[in-house]
Amino acid sequence: MKRTSRISDLRNIITEEKKRGRKIAFVPTMGFLHHGHLTLIDKAKETGAFLVVSIFVNPLQFGPNEDLTRYPRDIERDALLVEAAGVDILFHPTVEEMYPEKMVTFVEVGELDEMLCGANRPGHFRGVATVVNKLFNIVQPDMAFFGQKDYQQYLIIKRMVTDLNLPIQICPVPIVREDDGLAMSSRNVFLNPEQRQEALVLSKSLNEAERSIQMGQKSAREVEEQIKKSITLKSQGVIDYVEVRDASDLTEVTDIKRPVLIALAVKFGTTRLIDNKVVEVKRDV
Ligand code: PAF
């Protein structure tokens, strides 16, 4: 596996691969890789394309009081994992390489970035869309892979690519969970054993909500209230949001008639976890 922190090196290598007719598949990450990332990489590998993985903890998407400095990092361990996964090149730029000057140009994906995680993390999705755009321009991939755990991020990137006519196929990959249901996340390492146990209420309450919708529950508000009640009763988690939204464009939903996204963010101590489920609705006969 090749490895570089230089944009110019990466560009030269990719130009050569493109000249040889190879397609480029890309998996952008912030590192501290877990099985969820490795699933994205496996999916990208299945395409047979030249496979680029980036590791960059992007300061632009962290708010002033968020966990940028504390975000877990272990580039040597990550490099071994991606090499074993059959990645062709690992790109791990420094902050100076990505942002040599103060940024004055940003990408904003309006509407989609204002609710859910965007409401309490102002500027977060602007930072994500901007860095992903930069990475797309650097890597020039044919396909890019995004996990559905960050469902809102996935929709924002898909919309950015459509609105800006970027010739890149955005490939979603389902959430990967631990055996007990906890959605995999680099932030899970911050949970103490008690919080780790309590956090199971997230996936359990999403499963219960799915069952109740499939049994005929149509009220989005009632589904939200039921989940909030479970979380409050069964854990000390502090709810940031629990929302039922249209799965295709995140617009508000009152009556559940089309596929919905049930999304939540809950803080356990100082660790904020997100999880979600897309629920298909049985048609009335
Ligand atoms: O999902 C992530 O890890 C990040 O938001 C991404 C897409 C790599 C951009 O920094």
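Note that the structure is a prediction, hence the values are computed from the model and not measured.
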Residue pair I239 / L264, side-chain heavy-atom distance below 4.5 Å: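 In short, these two side chains do not touch, never coming nearer than 4.5 Å.
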Flag side-chain contact, heavy atom, 4.5 Å: P28 against F146: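 A side-chain contact exists here, since the closest heavy-atom pair is under 4.5 Å.
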Candidate pair Y99 and N58, rule side chain to side chain donor-acceptor pair (under 3.5 Å), full reasoning: CA-CA 10 Å; Y99 301 119; N58 170 37; 2.5 Å; yes
Donor-acceptor contact below 3.5 Å, side chain [X] vs main chain [Y]:
{"X": "E243", "Y": "L116", "value": "no"}
{"X": "Q152", "Y": "M115", "value": "yes"}
{"X": "T47", "Y": "A44", "value": "yes"}
{"X": "N276", "Y": "K149", "value": "yes"}
{"X": "T29", "Y": "S54", "value": "yes"}
{"X": "Y151", "Y": "A247", "value": "yes"}
{"X": "E224", "Y": "V244", "value": "yes"}
{"X": "N188", "Y": "A183", "value": "yes"}
{"X": "N137", "Y": "N133", "value": "yes"}
{"X": "Q197", "Y": "E194", "value": "no"}

Sidechain N-carboxylate O distance under 4.0 Å for D113, R159: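 R159 and D113: not salt-bridged.
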Cationic N near anionic O, under 4.0 Å, R196 to D180: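 Salt bridge between R196 and D180, a charged N being under 4.0 Å from a carboxylate O: yes.
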Partners meeting side-chain hydrogen bond (donor to acceptor under 3.5 Å, both in side chains) with N207 (sequence neighbours left out): K277
side-chain hydrogen bond (donor to acceptor under 3.5 Å, both in side chains) involving D142 - partner list, sequence neighbours excluded: none
What distance separates [X] [atom1] from [Y] [atom2], expressed to the nearest 0.5 Å?
{"X": "R221", "Y": "I256", "atom1": "CZ", "atom2": "CD1", "result": "8.5 Å"}
{"X": "I55", "Y": "F91", "atom1": "CD1", "atom2": "CZ", "result": "11.5 Å"}
{"X": "D88", "Y": "I13", "atom1": "CG", "atom2": "CD1", "result": "10.0 Å"}
{"X": "I227", "Y": "I262", "atom1": "CD1", "atom2": "CD1", "result": "5.0 Å"}

Pairs touching residues 61-74 that satisfy salt bridge (Lys or Arg N to Asp or Glu O under 4.0 Å), sequence neighbours left out: E66-R121, D67-R187
Full working for salt bridge (Lys or Arg N to Asp or Glu O under 4.0 Å) between R177 and D275: CA-CA 10 Å; R177 297 181 181 279; D275 200 348; 2.9 Å; yes
Worked check of salt bridge (Lys or Arg N to Asp or Glu O under 4.0 Å) between K134 and E97: CA-CA 12 Å; K134 276 169 77 76; E97 181 76 2; over 6 Å; no
Donor-acceptor side-chain pairing of E222 and Q217 below 3.5 angstrom: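 There is such a pair (donor and acceptor under 3.5 Å, judged by atom type) between the side chains of E222 and Q217.
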Distance under 6.0 Å and angle within 45° of ring axis: R22 vs F50: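 That pair does not qualify as a cation-pi contact.
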